[in-house]
Amino acid sequence: MCGIVGYVGNKEAAVFLLEGLSKLEYRGYDSAGIAVYDGSEIRVEKSVGRLAALKDKIGSNMPKGSLGIGHTRWATHGRPSDSNAHPHADCSGDFVVVHNGIIENYLNLKEELIEKGHAFRSETDTEVVAHLLEEVYHGDFEAAVRDVLRRIDGSYSLVFLSKKHPDRLICTKQDNPLVIGLGEGENFIASDIPAIIQRTRRTFIMNDGEVAVVTKDSVTITNRRGEPVQKKVFEVNWNAEAAEKGGYEHFMLKEIHEQPKAVRDTMSQRIAKDGSAIVIDELKWDAAFLNSFNKIYIVACGTAYHAGMVGKYYIEKLARVLVEVDVASEFRYRDPIVDENTLLIVVSQSGETSDTLAALKESKRLGAKTLAITNVVGSSIAREADQVLYTWAGPEIAVASTKAYTTQLILFFMLALYMAEIKKTVSPERVKELIKLLKQIPAQVSETLSDVDPIKTFARQYGFNEDVFYIGRSLDYDVALEGSLKLKEVSYIHAEAYAAGELKHGTLALIVEGVPVIALATQKSVYEKTLSNIKEVKARDAVVIGIAAEGDEELEKYVDHVIKVPETDELLIPILTVVPLQLLAYYAAITRGCDVDKPRNLAKSVTVE
Ligand code: F6R
């Protein structure tokens, strides 16, 4: 995720660009930049760090001119740095571009453009767009942009500025948001409404494939085929704060709803075009390397640790390698058996959690090979590890982690399958089948999010209970742990998760009439056993909410309510079952009037031990 803005009018562009970017920092904040056409040249100013660093750099020497574009970055390709910050220019400096998204075929394009003599200044995927535009431009700006769009694959929203056409900006989008704000003698472009709401409430919301030519007095929109599109003006009636959350009441809810896109982005570049294999270009692992270690540790904290538990299951099941999972704050102090035959995988959304970082450093000292799974490019953990796999979830603002967890699961699944391909522990047919099911997950997460009313009702019904129990076996148990953590941290309800078979060894004493028990029953191999455990709590008059896959007609006979998620392989179903549990935690917190995005005593990034 990044934030982009554009201005064309008769006022100072830089003023709007900086103001607009300040409202988009929630989309990324590792570097920022603007480009303004001053009547003869395009002046580009950029800086690593937050927008404040860019403002400091510019000081009172603001670029002059009434045509400009700007960007606040959430690094994907290329670490946060001045040179990787947007806008990016072609060789001549005649074209500049800002981009939110990922150009999947940028490496091929880059090679081709370098062969043709283009000189690149950054490590980004975006820069190819500027050079490609220069390459295909023959006097018609819009035609050249369309040519570029035919050549690039991936997700994007893009704004183009050309010195040769100083009366206009051209913008387009595919799978990333873009709005145009309609002013009087001026028009605005932005990733999101908060950037423009101070200037206008009249907007066009762009659809995928549309191309807009924006001048100060007109906006002309055409579709992919170049046919005119008549758009309805969308009047924004939210206040500025609600707009920043995309109309959602809280970042947590917004981020829960961003999961279809987040999981799609995480998987999209890592599947072979024909769907026959997982391709993780970031890793140069071969069978010899994989056979060189005899043990894997997964080390993390909180939600990331819960993702690690699922990761252990995936790697052991698919790649048949022994995995141990540990919380980072314990790992280091128990004198772990780590040597050069160990692979340490650390998982961290922020990439800054100090216990996880310390575990990583200690393991490196002991000779282990290290791999980080993180969401933040250039974070301390990303820099310290030998290898990095990024979850492309975009910035997570709410303290309670949601989209980070589901994207971590996607990445673990893909890593395990990738290892299995190399080690040949899974047949090619099964790999294909699992990839096919994996590709359905984004749509299935959307489906799971499409009917939240029953969950709201449960939250209202049970939101004032003081204790809630979560039970499940196998992968369901791992998800139960995450569900109970979500409920605790945002609603302050005491919640515990148990391996369903473990209840009768003590905890069953706490199950009395009316105590809510959330029972996950999606794992076929232990289904009957889970049913028996559900009967045990029902016999003590617990109220049971079952979580099952579509097609399960059995569970509803034994529980009070059932929430169903779409059917998929039981390995993948945790990515779906966690979604209603996130929503349940959210709506329970709302019922109790809690500050969802900033739960008491907690911080987003825990940089103390
Ligand atoms: C819970 C939550 C925390 C984090 C934990 C690790 O919702 O967000 O438990 O998962 O603090 O943080 P990262 O992943 O940034 O290392």
Side-chain angles (χ1 to χ4, degrees), residues 30 74 250-256 258-259 262 266 297-311 325-332 344-361 370-385 388-412 470 478-493 495 497 578-579 581-586 588-589 594-609:
D30 60 51
W74 175 258
H250 295 97
F251 280 112
M252 180 178 176
L253 190 60
K254 177 172 181 271
E255 286 160 9
I256 289 173
E258 279 171 357
Q259 290 180 110
T266 300
Y297 278 110
I298 299 176
V299 177
C301 300
T303 289
Y305 165 70
H306 293 156
M309 292 179 74
V310 177
V325 194
D326 209 345
V327 286
S329 54
E330 290 294 318
F331 176 77
R332 208 154 41 107
L344 179 96
I345 304 179
V346 284
V347 193
S348 173
Q349 186 285 130
S350 61
E352 300 297 343
T353 300
S354 75
D355 282 320
T356 311
L357 182 59
L360 171 60
K361 285 183 176 163
T370 59
L371 166 68
I373 292 183
T374 182
N375 195 34
V376 181
V377 175
S379 56
S380 305
I381 286 174
R383 291 197 309 270
E384 187 70 34
V388 188
L389 290 178
Y390 289 108
T391 49
W392 300 124
E396 200 179 55
I397 309 287
V399 166
S401 212
T402 53
K403 60 179 180 171
Y405 176 78
T406 40
T407 53
Q408 284 158 2
L409 260 46
I410 292 281
L411 213 41
F412 266 124
Y470 289 73
D478 298 340
V479 178
L481 281 166
E482 175 56 11
S484 88
L485 175 62
K486 277 310 75 111
L487 189 73
K488 273 184 274 218
E489 66 177 327
V490 296
S491 76
Y492 317 145
I493 297 172
V578 74
V579 175
L581 303 188
Q582 296 167 341
L583 288 165
L584 191 65
Y586 173 80
C594 302
D595 185 351
V596 181
D597 282 339
K598 293 195 187 66
R600 69 183 178 211
N601 308 337
L602 301 179
K604 182 69 186 159
S605 190
V606 185
T607 50
V608 289
E609 282 195 31

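Atoms within each ligand, like the ligands themselves, are counted from 1 in listed order.
In summary, the atoms of ligand 1 found under 4.0 Å from a heavy atom of S350, numbered by their order in the structure, are 13 (P), 15 (O), 16 (O). Here is the list of ligand 1 atoms found below 4.0 Å of a heavy atom in Q349: 13 (P), 14 (O), 15 (O), 16 (O). Taking every heavy atom of A400 and a limit of under 4.0 angstrom, the matching atoms of ligand 1 come to 7 (O). The distance from ligand 1 to the heavy atoms of A304 drops below 4.0 Å at these ligand atoms: 10 (O), 14 (O). Of all the atoms in ligand 1, the ones that sit under 4.0 Å from a non-hydrogen atom of E489 are 1 (C), 7 (O).
Remark: ligand 1 and G302 share no N or O pair separated by less than 3.5 Å (distance only, no angle test). No N or O atom of Q408 sits closer than 3.5 Å to an N or O atom of ligand 1.
Within the 3.5 Å criterion, the main-chain N or O of V578 finds no donor-acceptor partner in the side chain of Y405. When atom types are taken as modelled, the side chain of K403 and the backbone of A393 share a donor-acceptor pair closer than 3.5 angstrom. Using modelled atom types, no side-chain atom of S348 and backbone atom of T374 make a donor-acceptor pair closer than 3.5 Å.
Heavy atoms of K486 found under 4.0 angstrom from ligand 1 belong exclusively to the side chain.
The one candidate from H306, E396, Q582, Q349 that meets the side-chain hydrogen bond (donor to acceptor under 3.5 Å, both in side chains) condition with S401 is E396. Of the candidates I373, T406, N375, L411 forms a side-chain contact (heavy atoms from CB on, under 4.5 Å) with just one, namely I373.
Comparing I373, T353, V399, T402 against atom 13 (P) of ligand 1, the shortest heavy-atom distance belongs to T353.
Under the 3.5 Å distance criterion, with hydrogens and angles disregarded, a donor-acceptor pair is assigned to the side chains of E352 and S380.
More than 12 heavy atoms of other residues, nucleotides or ligands shown are found within 6.0 angstrom of NZ on K488.
Put simply, no part of T374 is less than 4.0 Å from ligand 1, judged by heavy atoms.
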